[in-house]
Amino acid sequence: MQIREGGPRRGAASAARSPMSAMMLAMFATMASFYVAGRLWQDAQSRVYLIKELDRRTGQGHSTISVDDTLKVVACRQQGKRLASLEMELAAAKHEGFVGKYTYETNGTNSRKRPLIVIGIMTSFGRKNYRDAVRKSWLPTGSMLKKLEEEKGIVVRFIVGRSVNRGDASDREIDEENRSTKDFMILDDHTESEEESPKKTKSFFANAAESFDAEFYAKVNDDIYINVDTLSAMLKEHWDKPRVYIGCMKSGEVFSESTHKWYEPEWWKFGDGKTYFRHASGEMFVISKAVAQFISINRSVLRTYAHDDVSVGSWLIGLAVKHVNEAKLCCSSWPSGALCSAL
């Protein structure tokens with residue numbers, strides 16, 4: 001009897017546990033599914049983050065440059081390649097002895113000829129006779145002055161400042177003369193004075209560099225005769241020098257006596273030997289475009305000495321500028337083949 005009673009009880013207990021086991025198994029399966037799905041989602045997010053971070057660090061992500069900007073970059077690169085090719089062709093042509101003529105620069109609908117050189121003739125009040133002598137000897141006037149600029153690329157201007165008494169008779173005479181001849185560059189930022197000639201030279205180069213995009217700039221006194229054709233031919237020999245300083249190079253004694261004609265108030269700065277460094281004679285000298293731009297940019301901090309030729313030499317002695325001792329610019333001695341002489 002006991003055996004018969006025990007059989008049904010075990011069957012009932014087993015039947016009761018089966019639904020419970022199925023429920024627990026379903027719960028575990030559901031939880032496992034959520035766990036696996038969560039991990040997969042986290043892994044996917046991590047991969048997205050890592051890809052974005054990798055793109056950011058390697059520069060391969062989405063660019064902020066527009067299509068137009070990209071096309072401009074491509075065009076610039078193409079122009080750069082073309083420019084490099086033209087420079088190589090030009091270098092090869094120069095090697096073969098080719099000398100080019102001046103070309104026109106185009107700006108929209110306007111075209112103009114880039115000057116070879118801008119020549120500043122240093123003059124002052126009361127020196128009209130010297131200016132007239134220059135006009136009668138080597139500097140053309142009127143339409144011929146314009147022709148000199150257009151055909152030979154040579155721009156020439158008389159350089160003068162303003163009177164200490166602005167608008168006085170001296171200023172009016174210069175203004176009236178300029179209305180007639182149109183061959184002045186009047187430096188409104190400079191007060192005319194013999195003692196201030198170094199500052200005047202600095203102002204000329206600064207203003208000329210801003211007003212004319214020339215290859216070279218020259219300073220010359222108003223008692224000097226120039227052969228412009230010889231000057232043009234000489235300058236073509238120096239086109240390949242981006243920073244050049246051309247003149248009749250000299251040195252000499254620094255005079256510390258205040259009564260001397262060439263007295264240098266700051267003579268002590270030139271050492272115990274009291275000798276000037278090498279510099280171009282002030283009668284006439286030439287500098288290239290880059291040098292003129294340097295003077296224009298740094299005009300406020302460039303120190304001037306008693307003489308303009310020494311002052312210019314002091315600005316350039318510490319720069320990577322090619323000093324050219326050109327005998328043709330020794331105007332006073334008039335050597336063979338000289339392009340200038342004293343009037």
Side-chain angles (χ1 to χ4, degrees), residues 102-107 110-123 139 145-146 148-150 152-162 178 182-192 196-222 224 226 228 231-232 234-236 238-247 279-280 282-305 307-324 326 329:
Y102 310 110
T103 56
Y104 281 90
E105 288 185 345
T106 303
N107 181 12
N110 299 322
S111 63
R112 63 184 178 85
K113 185 169 290 186
R114 182 175 183 177
L116 169 65
I117 186 170
V118 176
I119 302 174
I121 306 174
M122 297 296 155
T123 189
L139 179 62
L145 179 64
K146 193 69 174 177
L148 179 67
E149 297 178 8
E150 293 178 350
K152 297 186 177 181
I154 299 176
V155 177
V156 186
R157 296 289 186 271
F158 287 104
I159 310 302
V160 67
R162 287 299 188 182
N178 187 39
K182 295 179 173 58
D183 56 7
F184 278 87
M185 177 186 289
I186 300 175
L187 305 176
D188 289 320
D189 61 347
H190 176 75
T191 300
E192 197 67 32
E196 299 295 338
S197 63
K199 293 181 180 179
K200 181 178 178 179
T201 298
K202 179 171 65 172
S203 178
F204 157 63
F205 282 128
N207 283 278
E210 294 173 356
S211 302
F212 300 94
D213 184 24
E215 296 288 345
F216 299 96
Y217 301 81
K219 176 262 178 181
V220 61
N221 293 338
D222 62 3
I224 298 296
I226 298 177
V228 292
L231 172 63
S232 179
M234 184 271 290
L235 291 176
K236 291 175 183 178
H238 302 289
W239 274 356
D240 59 339
K241 303 178 182 69
R243 296 176 300 278
V244 66
Y245 173 39
I246 312 169
H279 61 278
E283 290 179 321
M284 181 178 181
F285 59 86
V286 181
I287 60 175
S288 59
K289 175 182 178 180
V291 178
Q293 289 176 335
F294 168 82
I295 295 173
S296 177
I297 294 170
N298 298 282
R299 72 180 85 177
S300 62
V301 295
L302 292 176
R303 180 75 171 83
T304 55
Y305 293 96
H307 313 295
D308 64 343
D309 53 357
V310 173
S311 298
V312 174
S314 71
W315 305 335
L316 308 184
I317 195 171
L319 303 180
V321 173
K322 176 69 174 178
H323 287 55
V324 177
E326 180 55 75
L329 293 177

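None of these values were measured; they are calculated from a predicted model. Values reported hereafter were calculated over all heavy atoms of this structure, with side chains retained and with hydrogens, waters and symmetry mates removed.
Here the side chains of E196 and T201 are not in contact, with every heavy-atom distance at 4.5 Å or above. Between I295 and F204, every side-chain heavy-atom pair lies at or beyond the 4.5 Å cut-off. M234 is listed as a side-chain neighbour of L329, based on a closest heavy-atom distance under 4.5 Å. Contact annotation: the side chain of H238 approaches that of E326 to within less than 4.5 Å [non-hydrogen atoms, C-beta and beyond]. For the pair K200/L187, a side-chain contact is recorded, criterion being any heavy-atom separation below 4.5 Å from C-beta on.
The two residues D183 and N178 have their closest heavy-atom pair at N-OD1, 3.5 Å. Of all heavy-atom pairs spanning A214 and V118, the tightest one is CB-CG2, 3.8 Å. Summarising the geometry of D188 relative to R162, their closest heavy-atom pair is OD1-NE, 2.9 Å, with the distance given to 0.1 Å. When every heavy atom of F216 is checked against every heavy atom of S288, the shortest pair comes out as CD2-CA, 3.9 Å. Between L316 and H323, the shortest heavy-atom contact is O-CE1, 4.0 Å. Closest heavy-atom contact between D222 and T123: OD2-OG1, 3.1 Å.
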* Starting from the C-alpha separation in whole Å, work towards a yes-or-no answer on side chain to side chain contact (heavy atoms under 4.5 Å, CB included) for V291 and V244. => CA-CA 7 Å; V291 178; V244 66; over 6 Å; no

* To do: Could you check L302 against F294 for side chain to side chain contact (heavy atoms under 4.5 Å, CB included), going step by step and ending with a plain yes or no?
  => CA-CA 10 Å; L302 292 176; F294 168 82; 4.1 Å; yes

* Let me see the working for L319 and R243 under side chain to side chain contact (heavy atoms under 4.5 Å, CB included), right down to the final yes or no. => CA-CA 9 Å; L319 303 180; R243 296 176 300 278; over 6 Å; no

* side chain to side chain contact (heavy atoms under 4.5 Å, CB included) between T304 and W315, intermediate numbers included -> CA-CA 9 Å; T304 55; W315 305 335; 3.8 Å; yes

* To do: Test salt bridge (charged side-chain N to carboxylate O under 4.0 Å, His left out) on R114 and E215 and set out the steps.
  => CA-CA 8 Å; R114 182 175 183 177; E215 296 288 345; 3.7 Å; yes

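Between the side chain of K152 and the backbone N or O of V228, no donor-acceptor pair lies under 3.5 Å. In this structure, the side chain of E192 engages the main chain of G161 through a donor-acceptor pair within 3.5 Å. No donor-acceptor pair closer than 3.5 Å links the side chain of S296 to the backbone N or O of Q293. Side chain of S311 to main chain of Y305: a donor-acceptor pair is present (N/O by atom type, distance under 3.5 Å, no hydrogens or angles).
Open room surrounds NZ on K199; 12 or fewer heavy atoms of other groups in view lie less than 6.0 Å from it. Other residues, nucleotides and ligands contribute over 12 non-hydrogen atoms within 6.0 Å of the NZ atom of K241.
Classified by interplanar angle (parallel below 30°, tilted 30° to 60°, perpendicular above 60°), the ring pair Y245/F285 is perpendicular.
How far CG of D189 is from OG of S203: 3.5 Å, rounded to the nearest 0.5 Å. To the nearest 0.5 Å, the span separating CD1 on I117 from CZ on F212 amounts to 12.5 Å. A distance of 13.5 Å separates CZ in R157 from CG in N207, rounded to the nearest 0.5 Å. Between atom NZ of residue K219 and atom CD1 of residue I287 there is a gap of 12.0 Å, rounded to the nearest 0.5 Å. One distance of note links NZ of K182 with NZ of K146; it measures 11.0 Å at 0.5 Å rounding. Between the OG atom of S197 and the CD1 atom of I159 there is a distance of 14.0 Å, given to the nearest 0.5 Å.
Considering I186, I119, L139 as possible partners of F158, the one that fulfils the side-chain contact (heavy atoms from CB on, under 4.5 Å) test is L139.
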